[in-house]
Number of protein chains: 2
Amino acid sequence: MTKLIPAIVIGRLPIYLRELVRLSKENTRPNTSSQELAHRLGISSAQIRKDLSHFGEFGKQGTGYNIAYLIEQLQRILHLTEQWEVILVGAGYLGHALAHYGGFQRRGFRITHVFDTDPALIGTEMGEIVVQKIEGIEAAIQENGIKIAILAVPRSVAQKMTDRLIKAGILSILTYTPIQLKVPDHVQISYSDPLVQLQQMTYYLPRDAD
Amino acid sequence: MTKLIPAIVIGRLPIYLRELVRLSKENTRPNTSSQELAHRLGISSAQIRKDLSHFGEFGKQGTGYNIAYLIEQLQRILHLTEQWEVILVGAGYLGHALAHYGGFQRRGFRITHVFDTDPALIGTEMGEIVVQKIEGIEAAIQENGIKIAILAVPRSVAQKMTDRLIKAGILSILTYTPIQLKVPDHVQISYSDPLVQLQQMTYYLPRDAD
DNA sequence: TAGATTGTTAATCGATTAACAATC
DNA sequence: TAGATTGTTAATCGATTAACAATC
C-alpha cells in the first residue's frame, strides 16, 4: 500500500528504528508504547502513531507495540531486509572515514568499491577494499547492479561525477559535496554539509564571543 | 528585530548564502533575483522572498538583489561576520577528516583544539593541531570562550561527553554520533548520521536488487 | 472489570504559494 | 514610459496535535 507517504514521514522512520533497536538492547520488556518512544525522541506520541498508521496497524490497544515486531516492520517498509551494496567515490580523508565506519556493514550497507582519480591513492587499501581507478566505475555499477553511491569528491568534479553515476544506474546518492546537485526526478539525493549545519546554529549564538 | 523566526527559515539561509557566494564567483553581474536563485536551488521564488522578508528589505523592485550586499546581510544575520573557534572531540578517522577539511577555516570556523582519550593519539598532529588529552577540555573551552563543539566520539561516551561540554560552556554541538542526545533548551544541536540518510533513501529503491 | 494505549477523526497550527500593488 | 521584480497579503496546502471511541 504505497499511496503517497509524505517524505517527512519517511524521514522519521529511521529515527524510530534506531531508537527501537536501542530499546531492544537495553531492555527486557518486549513492548514499548508511542508515549515511551515519544518521550525518548522528544516528539509527540500522536505523531508517532500517525506516522506508523500510514503503513498499517502494528500495535495493540492497552499494550502498545512489540519492539521486535515493529523493528521488523520498519525494516521491511524501508527496504532494509536485504544487504545493499554501496560504492564510495573519493578516497580522501572523508572517504577514509566512511570506509572505516563499521555502522554501514552492521546495518546492511556494504561498501564494496572505492574509486578515486589520484594515482597516488589507487591500489592502496582502505578498510578491506582496494582503491580503484575511476575508469572502472560504470562497469562496477552495472555488473553488480549497485544502486547506492556515496560521493566524497571535491566540489569541482561533483556534478560531472554525479551525471556519470546516474547514467551508470545509481538511484540514491549521499553526497558530502557542498553544492546543489542537479539530478533527475527518479534519483534520490541526500546532502551532508557540516558548514551549513554550523551556520544554522550560529544564528542562535550570542554575537559577543570575547 | 528578532521576533521569532521559524527554524525552518533559518535552516534555508545558509543554503541561500552558499548559492549567492557561488553566484558572486561565477558571474560578472552584480545582481540576482529571487527567481534566479529559486531556479538554481529548486525551490519557489516566493519562498525566498518571504524568508528574506523576515529580516528586512534587501532587494529593489525591477532589479532584484545585489549579490554582494545580500551576502553581507546573510552573514550578519547568521552571525558569520566573526571568526568562530571550534573544538573537535574525537580524533579517529572522522575527526581526522574534519580536522583536514579546509572549508571550515575558509568560512570563519577555526578548529583550535582536538581532544581524544586514546593515549596512542594524544600528542600526534592532525592538520596543524596537536591532539590533546581529554582532561584539559573544560579549561580550553573556558579560557578561550569557545561556544561550538564538533562531536566525533563513539556512541558509548557521547552523552557523557555532551554533558561535560555543556557544563563547560558549549552552546552549539554538531554531532556525528548516532544517538539522540539530551541537551538543555539553550543548547543547539545538529545531527549528522549517514545511516539515517541512507535508510531514508532505500525506501524509494525498488526491492529487487539482483 | 479497570487501566492503558492504539488508530483515527477533526481541529489547530504553521508553512508554502499565488497574486498583485508598489516601485525601481 | 514599459518591463521587471520586490515585499506582502490572502488563499491554499500540509503537517501536527488533541481527543476519544475502540479494544486489548
Side-chain angles (χ1 to χ4, degrees), chain A residues 1-17 19-20 23 27 29-74 77 200 203, chain B residues 1-17 19-20 23 27 29-74 77 200 203:
Chain A
M1 172 132 307
T2 315
K3 271 172 305 194
L4 192 73
I5 316 289
I8 198 162
V9 172
I10 305 300
R12 282 189 291 260
L13 299 187
I15 309 283
Y16 299 162
L17 177 58
E19 201 61 33
L20 285 161
L23 261 169
N27 212 304
R29 282 172 301 138
N31 293 321
T32 185
S33 66
S34 60
Q35 216 173 102
E36 181 179 36
L37 267 178
H39 178 75
R40 282 174 160 251
L41 297 173
I43 57 180
S44 81
S45 64
Q47 181 162 82
I48 293 177
R49 294 198 301 279
K50 189 89 199 281
D51 285 352
L52 295 176
S53 76
H54 283 102
F55 304 95
E57 312 193 351
F58 306 119
K60 270 209 204 40
Q61 286 99 326
T63 54
Y65 301 92
N66 179 279
I67 296 170
Y69 177 70
L70 189 51
I71 287 174
E72 260 176 44
Q73 291 304 308
L74 285 174
I77 292 164
Q200 289 167 358
Y203 171 79
Chain B
M1 173 131 308
T2 315
K3 269 173 303 194
L4 193 71
I5 317 290
I8 199 163
V9 172
I10 303 301
R12 282 189 293 259
L13 298 187
I15 310 283
Y16 299 162
L17 177 57
E19 201 60 33
L20 285 163
L23 261 169
N27 211 302
R29 282 171 302 137
N31 292 321
T32 185
S33 66
S34 60
Q35 217 173 102
E36 182 180 35
L37 267 177
H39 179 73
R40 283 173 160 252
L41 296 174
I43 57 180
S44 81
S45 64
Q47 181 162 83
I48 293 176
R49 294 199 301 279
K50 189 91 202 282
D51 283 354
L52 295 177
S53 76
H54 284 102
F55 304 96
E57 311 193 353
F58 306 119
K60 270 209 206 35
Q61 285 100 328
T63 54
Y65 302 91
N66 178 279
I67 296 171
Y69 177 70
L70 189 51
I71 288 174
E72 261 176 43
Q73 291 305 307
L74 285 174
I77 292 163
Q200 289 167 359
Y203 171 79

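Residue numbering restarts at 1 for every chain, and letters A, B, ... go by the order of the sequence lines.
- Per the geometry, CD belonging to B:E57 stands 14 Å off C1' belonging to D:dT9, to the nearest Å.
- Where A:R12 and A:K60 each meet DNA chain D at their nearest nucleotide, the meeting point lying more 5' is that of A:R12.
- Positionally, the nearest nucleotide of DNA chain D for B:F58 lies more toward the 5' end than for the other of B:F58 and A:I43.
- Residue B:Q61 has its side chain nearest to C:dT23 when only D:dC24, C:dT17, C:dT23 are considered.
- Rounded to the nearest 0.5 angstrom, A:D51 CG and A:Y16 OH are separated by 3.5 Å.
- Distance CD (B:Q47) to C1' (D:dG7): 15 Å, rounded to an integer number of Å.
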For residues 37-49 of chain A, run the donor-acceptor check on the side chains, cut-off 3.5 Å, and write out each pair with its distance to 0.1 Å, sequence neighbours left out.
unit_1: A:R40; atom_1: NH1; unit_2: A:E19; atom_2: OE2; d: 2.7
unit_1: A:R40; atom_1: NH2; unit_2: A:E26; atom_2: OE1; d: 2.5
unit_1: A:S44; atom_1: OG; unit_2: A:Q47; atom_2: N; d: 3.1
unit_1: A:S45; atom_1: OG; unit_2: A:R49; atom_2: NH1; d: 3.3
unit_1: A:R49; atom_1: NH1; unit_2: A:S34; atom_2: OG; d: 3.0

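- Using N1 to N3 plus N6-O4 or O6-N4 for Watson-Crick, or N1-O2 and O6-N3 for G-U wobble, each under 3.5 Å, D:dC13 pairs with C:dG14.
- Of the candidate nucleotides C:dT16, C:dG7, D:dT8, C:dG7 has the atom nearest to the side chain of A:R49.
- A:K50 places its NZ atom 10 Å from the C1' atom of D:dT17, with the value rounded to the nearest Å.
- For the pair A:I5 CD1 and D:dT16 P, the interatomic distance rounds to 14 Å; values are reported in whole Å.
- Each of D:dA18, C:dA15, C:dA18 was ranked by its minimum atom distance to the side chain of B:P6; first place goes to C:dA15.
- Side-chain atoms of B:I67 and B:N31, non-hydrogen and from C-beta on, never get closer than 4.5 Å to each other.
- Minimum atom distance to the side chain of A:I8 is reached by D:dA15, of the listed C:dA15, D:dT5, D:dA15.
- Summarising the geometry, the separation between CG on A:L4 and C1' on D:dC13 is reported as 14 Å, rounded to the nearest angstrom.
- When distances run from any side-chain atom of A:Y65 to the nucleotides C:dG7, D:dA15, C:dT17, the shortest one goes to C:dG7.
- Pair assignment for C:dG7: D:dC20, on the basis of Watson-Crick or G-U wobble contacts that are both within less than 3.5 Å.
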